[in-house]
Amino acid sequence: MDYNFHEIEKQAQERWEKAQAYKVNNQSDKKPFYVLDMFPYPSGAGLHVGHPLGYIASDIYSRYKRLQGFNVLHPMGFDSYGLPAEQYAIQTGQHPEITTEQNIARYISQLKKIGFCYDWDRQVKTCDPAFYHWTQWAFVQMFSSYYDTTLQKAQPISKLIAKWEETDPTWKTLTKKEQQERLMNYRIAYLADTKVNWCPKLGTVLANDEVSEGLSVRGGYPVEQRVMRQWCLRISAYAGRLLEGLDRIDWTESLKETQRNWIGRSEGTEMQFSIKGQDEPFTIFTTRADTVYGVTFMVLAPESEYVSRVVTDEHKSEVEAYLDMVKHRTERERIADRRVSGVFTGSYAINPLTKAEIPIYISDYVLSGYGTGAIMAVPAHDSRDYAFAKHFNLPIIPLIEGADVSEASFDAKEGKMMNSGFLNGLEVKDAIAKMKEYVTNTGLGRVKVNYRLRDAIFSRQRYWGEPFPIYYKDGMPYTLPETALPLQLPEVDKFLPTETGEPPLGNADLWAWDEKNEKVVSKSLIDNKTIFPLELCTMPGFAGSSAYYLRYMDNHNEKALVDKQVNEYWQNVNLYIGGTEHATGHLIYSRFWNKFLYDLGYISKDEPFQKLINQGMIQGRSNFVYRYIGEGATGNLYISFNLIDQPQYKGKVQPIHVNVNIVHNDILDINAFRAWMPEYKNAQFIYADGSTDVDNPYIGTAAEKQYICGWAVEKMSKSMFNVVNPDDVVEKYGADTLRLYEMFLGPLEVSKPWDTNGIDGVHRFLRKLWNMYENIVDEEPTADELRSLHKLIKKITWDIENFSFNTSIPAFMIAQNELGTLKCNKKAILAPIAILMAPYAPHIAEAMWERCHLSAQRSCSPQDGLSFVIDAEWPSWNEEYLVEASQKYPVQFNGKVRFTIEVPKDMPKEEVEKVVLANEQTAAVLNGATPKRVIVVPNRIINVVM
RNA sequence: GCGGCAUUGGCGGAAUUGGUAGACGCGCUAGACUUAGGAUCUAGUUCUCACGAGUGAAGGUUCGAGUCCUUUAUGCCGCACCA
């Protein structure tokens, strides 16, 4: 019987649905295992063939773990707040919720077709009030907490207040507003005037990870710096722990490195420099304390608070002009224009060691947000300081022996110190240490660790996001009581900012807080006595995705984000699969969020994702036809790709993207092409063999003539006609073929183009395999058959444990080939193979399993996991089975055995081999079988390869 | 500039503690069956007529290196006026 994948897959999926095969219970004696995919943003374009790559990998692993008897949590949901739906709403007036729901429905139907073992009952959507209830709740917790630097953890802010009430006499003298203002400097979620990335085109601020090279990551619009009052999360308080935690999790080194870069720890010294004629010194940060003797000037960031103190009247106008220029430069201009710029303030600082008077400058190469916003400049040993010194003609004093600083600075931290007083003769490393000691002992400064990681800006001037559970009283924010959550997103008639420039929520009428009755009322009632305005910004995209993995554990719980016991059972995510694009966004934010909840005792693990694998991207593979544009061109003639370099066509053809779905193995479907678009209706071709249908345009068919298309790897996108929809692949080849082929494409972690050229081979394999299950007999297997099976079991087990899914498919093919040649139709071999296939191709595996049972008494399926134990004749899939099987039958699977046998040193090689084969130990290993080879080396270590 | 990863046939890629390099698939070649082939089956396919050579290049360790070490080239990714 033919491999009717449509029928097989439909039946399997219906059976799973009916039996609720993948429903996961929170109460179980089984050991828990949590496998998670990064949930998708449901875009309007639907899933393309690249999206399921990671999902298939995690599905394989989930099913494998399930087969091993684990209780596997493997959920899916949707990151459904975001810009595209809102932009669409602005253009069309359609509410983002409608768009989002439609997209989600499409995603779900696409995902279901591929046969994932998700427990759909656990689905979450970030835009669902039942979900964002807990996003808002977490925000309230952050608002009501501070970071205790001694305990190194978050604590309720009430503890801080209690402490101040006891120990700080000024606290009680403050007005309520002043107290609130002071607390704002400690809260983990706080309101502050900060320099933000403002994107005028998107009408919102963006987080640092949402900006790249001065442009917004989404849309690529220019971003400028602006000071605005914004909600921020004090993530920088966690910098040390975020860094340290990386050592305890199993992520790829490159991803950890990316996070380490982003956190940017640097150990240095804070040092005080006095200003000539002033009492108060100012503080700088440096990692090169050893170079103080070479400091010839100082530089302040334009935004530095020190600026006003040091500018003399004489230089005031010049400085102001400079500050004005800097202020109006966008981030992009600043990066593009790296010419040296700066201005002298008129003041001098005193070098604490040389006592020299050194000028203080202002320049925008010093950043206000890092260190203290002020630096000591050592032009001899820092390239930026060097460029500045050359430009302003400032002295350059070399401090390292042999360093030539006539052309460029010597930045390396190596060599012997000179011109440096008590540091002379020391190696740089030792000089730094000695200087730190000196500075600490003399009170000149202190050792300090700095981080590059900034606090996360948490406000977005947008509509389609979580509303803040915040109202404003007397200019200060207050949280809504927890009983009032979730605060639902109000309806608006327009999704654009208001005429007065308020965020879109300014258009909502029902958007004021009645403090007394604890409910949302019309904003026309605002009196600032009992009815107050609500916050108009919404939360950013990462808010909803920061704790969603916790919600999956207990998504129907109305009383808590996750029940403590339930969380105790599942712990954290054992395996997380997703793309690298979230390395500095989501993966930092959720680690922070998780640590915060851990500090407050709500959850049991301080790292959310124990093991993380980055799947590569699937790029598009575009196809081209080549329109002839040379002499006498009609614009209607297309040259086969293999001919375009011939002299008569060279440089006279124009490549045109052609829909990859009407190209098979780079051969164009001529008729489909003519039907594709009206302009190609009368297309004529020069075929691969040089023949043509120019005089007879309607007769040529693909069967007779081949037109070869060119190709290129590009981003998968509609405009390049290279988008491949998984639904089409499932329709044509079946879900199992899609799953196998996506894995077969290459290693999971690397990016690769979607190339359908090999899919037929994979499909062919499944068909051949299926045919082996035609007439199953219950007979004792032969040694050769068992050998094939054991080899396969070993290989597949190793592959799954090591996420080497791409090498499993060849292993299956080899086994199929070997067993096919042996004409094996024995239950003892074919049933275990069905089990091995189950994670990869669950539908066909189930049908294969069914056929092995010969009779109708089918009580279980491979999907049930433990079912393999039920049928005592069949082993469960584990190591013991391997051991047992290899003992029972005198055949071992492929492997190497290494041991030592004493042989005389000068014995010839052939003699040694004889001795080895006659040896007892060898005989025991071989157990009657012939070894594939025996390797003997002079140190008498023998490798027996089976 | 700093850091990370990679480099193997015409292509995607195998080679798991160092042990027959090129598994498996695509493509290609020949043959079989066919009215036909974008179907199926069989055989072959790293390069070279051959001797031989061969995992980006050059060294090294080892009985033995795609795998380990050093230098170097190229590509990809992350960070980047972070003091």
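Residue numbers begin at 1 in each chain, while the letters A, B, ... track the order of the sequences.
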J.: Using a 4.0 Å heavy-atom cut-off across all strands, classify A/Val762 as base, sugar-phosphate, or nothing.
T.: nothing

J.: Would you confirm whether the ring centroid of A/Tyr733 sits within less than 6.0 angstrom of the ring centroid of A/Phe5?
T.: no

J.: I'd like the P distance from B/U61 over to B/U67, given in whole Å.
T.: 15 Å

J.: Report yes if the distance between the aromatic ring centroids of A/Tyr451 and A/Trp262 is under 6.0 Å, otherwise no.
T.: no

J.: Nearest heavy atom decides the nucleotide; on that basis, is A/Gly369 or A/Thr258 closer to the 5' end of RNA chain B?
T.: A/Thr258

J.: Under 4.0 Å from OP1 or OP2 of B/U40: is there any side-chain N or O of A/Arg764 that close?
T.: yes

J.: Please state how far atom OH in A/Tyr370 lies from atom C1' in B/C81, giving the value in whole angstrom units.
T.: 13 Å

J.: Check this one for me: any side-chain N or O of A/Arg452 less than 4.0 Å away from OP1 or OP2 of B/A80?
T.: yes

J.: Is the centre of the A/Phe297 ring less than 6.0 Å from the centre of the A/Phe392 ring?
T.: no

J.: Between B/A83 and A/Tyr365, is there an OP1 or OP2 to side-chain N/O distance shorter than 4.0 Å?
T.: no

J.: What is the nucleic acid contact for A/Lys795, judged by heavy atoms within less than 4.0 Å: base, sugar-phosphate only, or nothing?
T.: base

J.: Return the 5'-most residue of the pair A/Thr807, A/Met813 with respect to RNA chain B, ranking by each residue's nearest nucleotide.
T.: A/Thr807

J.: Between B/U40 and A/Arg767, is there an OP1 or OP2 to side-chain N/O distance shorter than 4.0 Å?
T.: yes

J.: In whole angstrom, what separates A/Asn261's CG from B/A80's P?
T.: 8 Å

J.: Using atom P of each nucleotide, how far apart are B/A14 and B/U8 to the nearest Å?
T.: 11 Å

J.: Students often mix this up, so state it plainly: with edges at 30° and 60°, are the rings of A/Tyr741 and A/Phe744 parallel, tilted or perpendicular?
T.: tilted

J.: Within the 4.0 Å limit for protein heavy atoms, which parts of nucleotides 4-13 of chain B are touched? Write it as a string from 5' to 3', B for base, S for sugar-phosphate only, - for none.
T.: S-------BS

J.: Could you write out RNA chain B as a dot-bracket string, with dots for unpaired bases, | for bases paired across to another strand, and Watson-Crick or G-U pairs counted at under 3.5 Å?
T.: (((((((..(((......[....)))((((((.......))))))((....))..(((((..]....))))))))))))....

J.: How far does the C1' atom of B/C69 sit from the matching atom of B/C76, given to the nearest Å?
T.: 25 Å

J.: With the threshold set at 4.0 Å, does a side-chain nitrogen-carboxylate oxygen contact exist between A/Arg260 and A/Asp247?
T.: yes

J.: How about A/His381 and A/Tyr386: are their ring centroids closer than 6.0 Å?
T.: no

J.: Tell me, which pairs form a salt bridge (Lys or Arg N to Asp or Glu O under 4.0 Å) where one or both residues lie in residues 736-746 of chain A, sequence neighbours left out?
T.: A/Asp59-A/Arg739

J.: Mind checking the P distance from B/U45 to B/C26? Whole angstroms is fine.
T.: 16 Å

J.: With C1' as the reference atom in both, quote the distance from B/G27 to B/G19 in angstrom, rounded to an integer.
T.: 32 Å

J.: Ignoring hydrogens, what is the shortest heavy-atom contact between A/Pro359 and A/Leu394? Give both atom names and the distance.
T.: CG-CD2, 4.0 Å

J.: For B/U46 and B/A23, measure between their P atoms and round to the nearest Å.
T.: 7 Å

J.: Are A/Tyr707 and A/Phe673 near enough that their ring centres are under 6.0 Å apart?
T.: no

J.: Expressed as a whole number of angstroms, how long is the span from A/Ile796:CD1 to B/C24:C1'?
T.: 12 Å

J.: Please work out which of the three classes, parallel, tilted or perpendicular, describes the rings of A/Phe285 and A/Tyr370, given edges at 30° and 60°.
T.: perpendicular

J.: I need the CD-C1' distance between A/Gln816 and B/C41, as an integer number of Å.
T.: 13 Å

J.: Please classify B/G9 as syn or anti, treating any glycosidic angle within 90° of 0 as syn.
T.: syn

J.: In terms of ring plane angle, is the pair A/His586 and A/His582 parallel, tilted or perpendicular, where the classes change at 30° and 60°?
T.: perpendicular

J.: What interatomic distance, in whole Å, is found between P of B/G59 and the corresponding atom of B/A53?
T.: 16 Å

J.: Rounding to an integer number of angstrom, what distance separates B/C24 and B/G13 when you compare their C1' atoms?
T.: 9 Å

